Amino acid sequence: MAIEQAPSHVTIPVIDISGYIAGDSSRTAHIVEELRAACRAPGFFQIVGHTVSPELRDRLFAKVAEFYALPSAKKSALRQGLSVNGARGYEAIGAEIMEADFRDQKEGFMIGPELPPGRFMQGPNLWPEDGDCPGFRSTMEEYFAAARNLSVKLFRLLALSLRLEEHYFDAFVDSRDSVSMSRAHRYPRTSVDAAKKSRGTGAHTDFGAMTLLLQDEIGGLEVFHRPSSTWNAVPYVEGAYVVNIGDMMEQWTNGRYMSTLHRVISPVSNKDRYSVVFFNEGLLDQVIECIPTCIEPGETPLHEPVTVEAHLRKRYGDSYREYTA
């Protein structure tokens, strides 16, 4: 049983990007226009016709469910506090606070590029023993590569939508030192009464530039519609990714593109909810300042320039109260 969806004040566009992937210039021009409109408002859209196979998506969800079925001691042995940079591994229920007075009612497992210990958010991942969860690591790594590849394509479409050269964001999103993270979630099922007093994930905007969400059919993701001050469900579309603009991109575009408040309601269901998020945080030394095509002559940028690292340190520190990396 999925969560019932109330009438919505927000339409989340579904954009088929297969024409861009196929190299069809006329279809690409239409996709770019759709993307531009969606990034201005509501800041959320869904994509189909992408490059991540159904087989990999199904296998990923199966392996994620197997991981979360492990005993608590096995999962806690991979807790983020043991990560050399504090950003990889297992998050217990309540570890993250996105909305005042609510501890998020979800488990998480975070991975990133497999690198030696280095700068902020760079380092090795933590993994369960393969005997405890066979195929989990290989599937997560295969999925990470596929999601990063898809992200590169979306950033190229984003560049075209901003009337920039197609590869404008390539170094930001696809360098060896680009910070990208993938987090698998389990949202425990709950009752109607308990759901009213909790959040799967509290209301927040995303820290980075662009987020890709793969969700199951249970539902629960909601976006906030400012004009009506209402929360609106994001409908499940089979095989689709939910994509949203983050705070970094809103600042980079001088407010032209919108980072929208969103949350996840704890699932009132006979099943747990699973999702896998891919965050594009970028190059730590990249200075986020107004893109030239996003300011008119005589206009003053809305934000002071800031490096990616300074921006992320502040946001992660606000979200994880004990986060000190």
Side-chain angles (χ1 to χ4, degrees), residues 15 17 20-21 35-36 38-39 43-47 50-52 60 85 87-88 108 110-115 119-123 125 140-162 164 166-185 201 204-215 221 240-253 256-260 262 275-289 291 294 306-316 319:
I15 302 174
I17 65 168
Y20 172 73
I21 292 170
L35 188 71
R36 181 183 296 122
C39 290
F44 269 77
F45 53 96
Q46 301 202 54
I47 60 162
H50 53 74
T51 52
V52 183
L60 174 70
N85 57 14
R88 311 295 175 90
M110 180 91 89
I111 68 167
E114 194 73 56
L115 295 172
R119 296 179 59 188
F120 180 69
M121 299 194 70
Q122 294 181 341
N125 294 306
M140 288 286 286
E141 290 180 326
E142 182 183 351
Y143 179 76
F144 187 92
R148 183 161 175 164
N149 179 269
L150 177 57
S151 291
V152 172
K153 293 176 172 61
L154 287 173
F155 271 93
R156 289 175 180 170
L157 282 168
L158 196 70
L160 293 172
S161 78
L162 292 165
L164 298 167
E166 183 178 358
H167 299 274
Y168 185 89
F169 294 113
D170 276 14
F172 176 81
V173 70
D174 199 31
S175 298
R176 175 192 176 276
D177 291 328
S178 296
V179 175
S180 48
M181 309 294 286
S182 184
R183 185 163 61 200
H185 292 138
T201 301
H204 67 286
T205 54
D206 284 354
F207 308 164
M210 182 164 52
T211 303
L212 283 67
L213 169 71
L214 184 64
Q215 63 172 344
L221 176 63
Y241 278 86
V242 181
V243 183
N244 65 281
I245 296 300
D247 296 342
M248 198 182 295
M249 187 58 67
E250 179 173 299
Q251 181 164 338
W252 218 346
T253 61
R256 300 301 198 264
Y257 286 0
M258 179 188 295
S259 179
T260 299
H262 55 285
S275 67
V276 184
V277 192
F278 193 88
F279 301 105
N280 292 283
E281 317 287 42
L283 288 169
L284 293 176
D285 292 328
Q286 173 78 50
V287 176
I288 303 301
E289 56 186 339
I291 290 170
C294 294
V306 64
T307 65
V308 167
E309 181 170 1
H311 170 80
L312 292 177
R313 280 186 179 276
K314 181 179 187 307
R315 290 301 308 273
Y316 273 89
S319 175

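Heavy-atom basis, side chains included; hydrogens, waters and symmetry copies ignored. A quick note: this is a predicted structure, and the numbers were derived from the prediction, not measured.
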Rounded distance [0.5 Å steps], [atom1] in [X] versus [atom2] in [Y]:
X	Y	atom1	atom2	result
Leu115	Arg176	CG	CZ	5.0 Å
Leu157	Glu166	CG	CD	7.5 Å
Phe169	Gln286	CZ	CD	9.0 Å
His50	Ile15	NE2	CD1	13.0 Å
Leu283	Arg119	CG	CZ	9.0 Å
Ser180	Arg148	OG	CZ	4.0 Å

Between Lys314 and Asp247, does at least one N-O distance fall below 4.0 Å, as a salt bridge requires?
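A salt bridge is absent here (no side-chain N lies under 4.0 Å from a carboxylate O).
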Ignoring hydrogens and angles, tell me if any N or O in the side chain of [X] forms a donor-acceptor pair with the backbone of [Y] under 3.5 Å.
X	Y	answer
His311	Phe207	yes
His185	Val276	no
Asn280	Met210	yes
Ser259	Gly43	no
Gln122	Asp177	yes
Asp170	Val152	no
Thr253	Glu250	yes

Do [X] and [Y] make a side-chain contact, defined as non-hydrogen atoms from C-beta onward lying under 4.5 Å apart?
X	Y	result
Arg156	Leu160	no
Lys153	Thr51	yes
Leu154	Tyr241	no
Thr260	Asn244	no
Val308	Ile288	yes

Walk me through whether Leu158 and Ile245 qualify under side-chain contact (heavy atoms from CB on, under 4.5 Å).
CA-CA 10 Å; Leu158 196 70; Ile245 296 300; 4.2 Å; yes
Between [X] and [Y], which heavy-atom pair has the shortest distance, and what is it?
X	Y	result
Glu281	Ala209	OE1-N, 4.4 Å
Ala147	Leu212	O-CD2, 4.3 Å
Ala184	Met140	CB-CE, 4.4 Å
Val179	Phe120	CG2-O, 4.5 Å
Arg88	Met121	NH2-O, 3.1 Å
Thr211	Asp206	OG1-OD2, 2.7 Å

Suppose we screen for ring pair (Phe, Tyr, Trp, His ring centres under 6.0 Å). Which residues come up paired with Phe279, at least two apart in sequence or across chains?
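Testing Phe279 for ring pair (Phe, Tyr, Trp, His ring centres under 6.0 Å), a comparison that skips the adjacent residues, returns none.
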Contacts of type ring pair (Phe, Tyr, Trp, His ring centres under 6.0 Å), residue Phe278, not counting sequence neighbours:
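For Phe278 the ring pair (Phe, Tyr, Trp, His ring centres under 6.0 Å) partners, ignoring immediate neighbours, are Phe144.
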Take Tyr257 and Arg36 through the test side-chain contact (heavy atoms from CB on, under 4.5 Å) and record every step on the way to the result.
CA-CA 8 Å; Tyr257 286 0; Arg36 181 183 296 122; 3.6 Å; yes
May I have the step-by-step check of side-chain contact (heavy atoms from CB on, under 4.5 Å) for Cys39 and Met249, ending in yes or no?
CA-CA 10 Å; Cys39 290; Met249 187 58 67; over 6 Å; no
From CA spacing to verdict: side-chain contact (heavy atoms from CB on, under 4.5 Å), Leu150, Ile47:
CA-CA 11 Å; Leu150 177 57; Ile47 60 162; 4.1 Å; yes
